[in-house]
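Working notes, structure below.
Just so you know, these numbers use all the heavy atoms, side chains as well, and skip hydrogens, waters and symmetry mates. Keep in mind that this is a model prediction, so the values were computed, not measured. We're numbering straight along the sequence, starting at 1. Indexing begins at 1, ligand by ligand and atom by atom, following the structure's order.
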Amino acid sequence: MSLPSSADGRLGVALLGSTGSIGRQAVDVLERHADRFRVVALATRSNAAELEAQARRLRPIAVALADEGRPLDLPSGTSRVGGSDTLEALAVRDDVDLVIVGTGGIVSLRPVLAALRAGRVVATANKETLVAGGHLVMAEARALAAEVAARDPRDPQASPLAWLRPIDSEHSAIWQCLAGEPVAAIARLVLTASGGPFIDATPSELERVTPERALRHPNWVMGAKITVDSATLANKGLEVIEARWLYDVAFEAIDVVVHPQSVVHSAVLFTDGSLKAQLGTPDMRLPIQYALTHPERLASPVTPPDLIATARLDFRAPDEDRFPALRIARAAGRTGSRASAALIAADEVAVARFLAGSIGFTDIPRLLESAVARFGEGPDQAPDLDTLFALDQEVRAAYVDGTV
Ligand SMILES: NC(=O)c1ccc[n+]([C@@H]2O[C@H](COP(=O)([O-])OP(=O)(O)OC[C@H]3O[C@@H](n4cnc5c(N)ncnc54)[C@H](OP(=O)(O)O)[C@@H]3O)[C@@H](O)[C@H]2O)c1
């Protein structure tokens with residue numbers, strides 16, 4: 001089945017979070033392949049100047065700025081839309097075939113579900129949507145894939161991953177490793193982690209980490225939240241939960257390996273003992289483009305990895321004593337979606353408070369552990385949307401100020 005496309009043969013795209021780190025790189029990819037993609041809608045929170053510049057370059061039909069009080073100077077042919085369900089409305093527009101999610105947090109959970117229910121392809125960098133709502137999102141992607149498979153099992157859209165396409169580099173790597181492989185042959189997933197800027201820091205050095213130092217990632221340039229998450233390894237914990245949902249693999253079969261060069265983006269161990277990895281220069285435009293053009297590969301501006309210049313690829317086990325956020329996240333994932341949702345709400349608060357100077361770096365995992373114990377337990381570990389959003393608010397309110 002080929003994806004539906006607009007009259008001129010291009011796929012219509014809605015880009016949520018267009019002014020962020022992922023959003024800007026997605027714009028770069030979309031501009032390079034303007035013969036294939038037509039940007040129909042852009043949405044962001046408050047960066048009016050960048051949204052205006054993007055609108056002038058891409059000429060979308062609709063743009064949304066969540067900060068609705070702020071004026072926008074838009075080119076002719078581009079209209080501003082608004083309202084409480086704007087992201088959902090943009091995601092299911094008739095002229096949108098593919099939704100790219102570059103927002104943080106769970107703000108895009110409703111739009112992702114709406115898009116899938118309306119039969120749109122979703123390419124997501126956002127991990128929180130899967131960490132909190134994996135049970136809801138993957139059910140929709142699997143239903144779409146099953147519908148296609150009933151008609152033609154060899155159709156590229158007969159896979160849930162063709163509908164819910166991962167952009168996160170580790171999950172893109174696993175997806176690429178799985179191309180042409182039977183899912184039943186997966187023995188283990190191996191997620192690589194750079195280890196962040198404090199890979200060799202002592203416990204007392206970690207106590208003194210400043211926001212400025214935590215924001216200096218050795219290999220990747222990303223938004224502030226994910227950069228701090230990489231330094232605490234909370235990011236890797238979220239990615240373990242994300243992988244569990246995307247690939248339907250038990251937590252026990254997902255390994256994390258610290259690999260400081262960030263050249264091996266992740267790997268899959270198959271039942272015959274073969275370990276298949278995807279390598280690349282750390283540049284998010286590659287996984288973004290793969291998610292947009294799958295199953296095709298097109299030329300990209302990304303510098304190919306040079307193994308001789310790289311010379312060394314190091315691997316070591318993560319230290320969960322110095323970086324307990326990884327252990328806490330794994331445990332939350334095992335408990336279920338309620339615990340995972342409590343974890344991500346707490347992590348947003350913890351990172352914001354660390355960046356604002358009200359808690360220290362090592363307080364972040366303490367806050368996460370406290371929030372998961374306090375709000376994540378309970379029998380309902382597959383909550384519905386309203387419960388998830390209520391829980392998100394409850395956790396934020398409990399930790400937004402005061403003690404950890
Ligand atoms: N950056 C990376 O390299 C990378 C890699 C892998 C995965 N990810 C994941 O991708 C997601 C985004 O990360 P990022 O680093 O790109 O974050 P970011 O730089 O903070 O960008 C977030 C974007 O979302 C927008 N946004 C926030 N709330 C919104 C709302 N209510 N409505 C519409 N737009 C909203 C922001 O708008 P404003 O700019 O106006 O605030 C911004 O454009 C995260 O889940 C992250 O974990 C990122």
[X]/[Y] ion pair, N-O < 4.0 Å:
X	Y	result
Asp347	Lys225	yes
Asp386	Arg110	yes
Glu181	Lys276	yes
Arg24	Asp28	no
Arg93	Glu88	no

Distance-only polar pair, side chains of [X] and [Y], donor-acceptor under 3.5 Å:
X	Y	value
Ser194	His217	yes
His33	Gln289	yes
Tyr290	Ser300	no
His294	Glu296	no

Just let me know how [X] lines up against ligand 1, side chain, backbone, both or neither, with a heavy-atom cut-off below 4.0 Å.
X	result
Glu128	side chain
Ile22	both
Arg45	both
Ile226	side chain

*Hey, is atom 31 (N) of ligand 1 touched by any protein heavy atom at less than 4.0 Å?*
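For atom 31 (N) of ligand 1 the answer is yes, since some protein heavy atom falls inside 4.0 Å.
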_So, 4.0 Å and heavy atoms of Lys225: is ligand 1 close enough to count as a contact?_
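Lys225: no contact with ligand 1 (<4.0 Å).
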*asked:* Taking a cutoff of less than 4.0 Å between a non-hydrogen atom of the residue and any ligand atom, is Gly102 in contact with ligand 1?
replied: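 True for this residue.
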Which ligand 1 atoms are under 4.0 Å away from a heavy-atom of [X]?
X	value
Met284	3 (O), 5 (C), 6 (C)
Gly223	1 (N), 15 (O), 19 (O)
Ser46	38 (P), 40 (O), 41 (O)
Ala125	7 (C), 8 (N), 9 (C), 10 (O)
Asp168	6 (C), 7 (C)
Thr19	37 (O), 38 (P), 39 (O), 40 (O), 42 (C), 43 (O)
Val107	31 (N)
Gly17	23 (C), 24 (O), 25 (C), 43 (O)

_Is it the case that atom CG in Asp272 sees more than 12 heavy atoms from other parts of the structure closer than 6.0 Å?_
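Atom CG in Asp272 is crowded, with more than 12 foreign heavy atoms closer than 6.0 Å.
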*Should the heavy atoms of other residues, nucleotides or ligands under 6.0 Å from CD of Glu212 be counted, would the total exceed 12?*
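Check fails, neighbour count at 12 or below.
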Tell me, which protein residue and heavy-atom name are nearest [atom], and how many Å apart are they?
atom	result
atom 14 (P) of ligand 1	Ser21 CB, 4.0 Å
atom 36 (C) of ligand 1	Thr44 OG1, 3.8 Å
atom 47 (O) of ligand 1	Lys127 CE, 3.1 Å
atom 21 (O) of ligand 1	Gly20 CA, 3.2 Å
atom 11 (C) of ligand 1	Thr103 O, 3.4 Å

*Roughly how far, to the nearest 0.5 Å, is CG of Leu42 from CG of Leu65?*
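The CG atom of Leu42 is 11.0 Å from CG of Leu65, to the nearest 0.5 Å.
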*For ligand 1, find out whether one of its N or O atoms is nearer than 3.5 Å to an N or O atom of Asn47.*
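So ligand 1 has an N or O lying under 3.5 Å from an N or O of Asn47.
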_Stepwise side chain to side chain contact (heavy atoms under 4.5 Å, CB included) check, Glu170 with Glu239_ = CA-CA 8 Å; Glu170 294 77 1; Glu239 287 177 2; 3.2 Å; yes
